[in-house]
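Numbering of ligands and ligand atoms starts at 1, following listing order.
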Amino acid sequence: MSLQEHYRIEPLEQAHALHAGFYTGMHWLDFEQREVFGKSWQLAAHAGDLQHPGDHVTADIAGKPIIIICQQDGSLQAFFNVCRHRAGPLATCNGKGARALHCKYHGWTYELDGGLRAATEMQDAAGFDKSAIRLPRVQVRAWQGLVFVALDIATPPFEQVFAGIGERIAVAGLPQMRFAKRDTYQLACNWKVYIDNFLEGYHLPFVHPGLSKVLDYRAYDTELAQWHSLQHSPLRNNDGIYGDGNAWYYFIYPNIMLNITPGRLQTNRVLPQGDGHCIVEFDYYYTDEPQVQARVQAEQAFSDEIQAEDIAICEHVQQGLASGSYSAGRLNPRRESGVWHFQNLLRAAYARQG
Ligand code: FES
Ligand SMILES: [Fe+2]
């Protein structure tokens with residue numbers, strides 16, 4: 001049976017998981033970088049790093065070098081971080097308050113808006129018109145204190161992808177939160193294994209005994225939108241780790257999670273690393289409220305514990321997927337609709353390529 005037959009989208013009640021063949025083999029990396037990561041909104045920075053004119057952030061987006069720059073009027077622009085001379089970098093790290101961008105290779109100078117201002121010693125180049133040269137633009141959006149970019153014009157509109165999220169989470173006050181720290185994890189599993197695992201609470205009672213006590217498994221629910229899904233649960237008995245209220249776990253296709261508990265945002269960015277490996281970045285943001293600050297340490301220790309449990313199970317699952325003994329099992333319609341939704345978006349991306 002060829003993998004093409006697994007592009008077909010089944011009703012939830014009849015659905016199978018994505019075939020194991022999509023989780024192994026180097027050949028998927030190029031395709032997914034181009035068609036999945038390269039045609040979607042990607043979390044690239046937090047707004048706190050881009051507050052003043054000339055502040056800039058470099059990022060690797062779908063394997064391509066990008067730079068985001070705060071303009072004179074405070075708006076953001078993003079470009080390929082690739083000089084028009086011979087492809088050198090305009091910046092090799094984040095920076096503050098630059099007046100212009102100087103290429104690190106031969107010193108060509110660009111305005112913050114990407115236009116070429118000066119090209120060193122080019123007076124002998126016949127017909128060289130610096131006013132015709134500028135850095136290629138990339139779409140950029142600031143939203144809720146986070147900054148997203150999209151490389152390809154074929155990316156669905158930002159408003160469509162994030163529809164309804166801002167209104168729903170307004171009470172959480174994300175723009176008031178400040179970046180606290182980043183944890184980076186290297187995992188021995190395909191990136192899709194980690195996302196699949198995030199998208200269901202079915203494993204909670206078995207993999208996360210501690211978290212199960214805190215979330216109300218019976219009230220745990222999943223909602224699906226066109227390009228994102230939401231799992232949510234009331235918080236209970238959490239001894240002040242999260243505070244009282246709700247936990248919201250948003251997934252934005254294809255690789256961004258926003259985990260929101262009272263006073264706290266944790267973003268997860270899942271990045272492919274070829275055959276059977278991925279990187280997961282956790283960024284933590286908090287409000288300044290004393291009751292939130294008082295629980296930061298306990299909350300991060302608890303998050304570490306949950307992450308260790310997820311990593312262990314994901315790495316086992318990768319071995320299972322690569323074992324040759326498994327193809328695609330049935331999904332639980334009540335508990336795994338988020339997995340079904342994600343995998344159908346992926347199937348559509350694979351199918352577009354034939
Ligand atoms: S590559 Fe940028 S100045 Fe030469
Ligand atoms: Fe988990």
(message) Under a 4.0 Å threshold between the charged nitrogen and the carboxylate oxygen, would E159 count as salt-bridged to R141?
(response)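 Yes, this pair counts.
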(request) Determine whether more than 12 heavy atoms belonging to other residues, nucleotides or ligands lie under 6.0 Å from atom NZ of K64. (result)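 Counting other residues, nucleotides and ligands, NZ of K64 stays at 12 neighbours or fewer.
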(request) List for me each residue that meets side chain to side chain donor-acceptor pair (under 3.5 Å) alongside H277, sequence neighbours excluded, and say none if there are none. (result)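 Listed in chain order: nothing, the list is empty.
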(message) My understanding is that only residues two or more places apart in sequence, or in another chain, count here; which of them pass side chain to side chain donor-acceptor pair (under 3.5 Å) with R117?
(response)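 Side chain to side chain donor-acceptor pair (under 3.5 Å) check on R117 returns E111.
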(request) Take atom 4 (Fe) of ligand 1 and tell me which protein N, O or S atoms are nearer than 2.8 Å. (result)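 You should have found H85 ND1, H106 ND1.
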(message) I need the NE2(H208)-the Fe ion (ligand 2)-NE2(H203) angle, rounded to 10 degrees.
(response)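 H208 NE2 and H203 NE2 form an angle of 100° at the Fe ion (ligand 2).
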(request) Give a yes or no answer on whether the side chain of R264 reaches the backbone of M177 with a donor-acceptor pair at less than 3.5 Å. (result)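 Answer holds: no.
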(request) Measure from the side-chain N and O atoms of Q318 to the backbone N and O of N190, and report whether any donor-acceptor pair falls under 3.5 Å. (result)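 Between the backbone of N190 and the side chain of Q318 there is a qualifying donor-acceptor contact (under 3.5 Å).
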(message) Test of understanding: with ring pair (Phe, Tyr, Trp, His ring centres under 6.0 Å), list the residues that count as partners of H106, not counting sequence neighbours.
(response)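 Testing H106 for ring pair (Phe, Tyr, Trp, His ring centres under 6.0 Å), a comparison that skips the adjacent residues, returns H85.
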(request) Please find the N/O/S atom of D310 nearest to the Fe ion (ligand 2) and write down its name. (result)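 Checking each N, O and S atom of D310, the shortest distance to the Fe ion (ligand 2) belongs to OD1.
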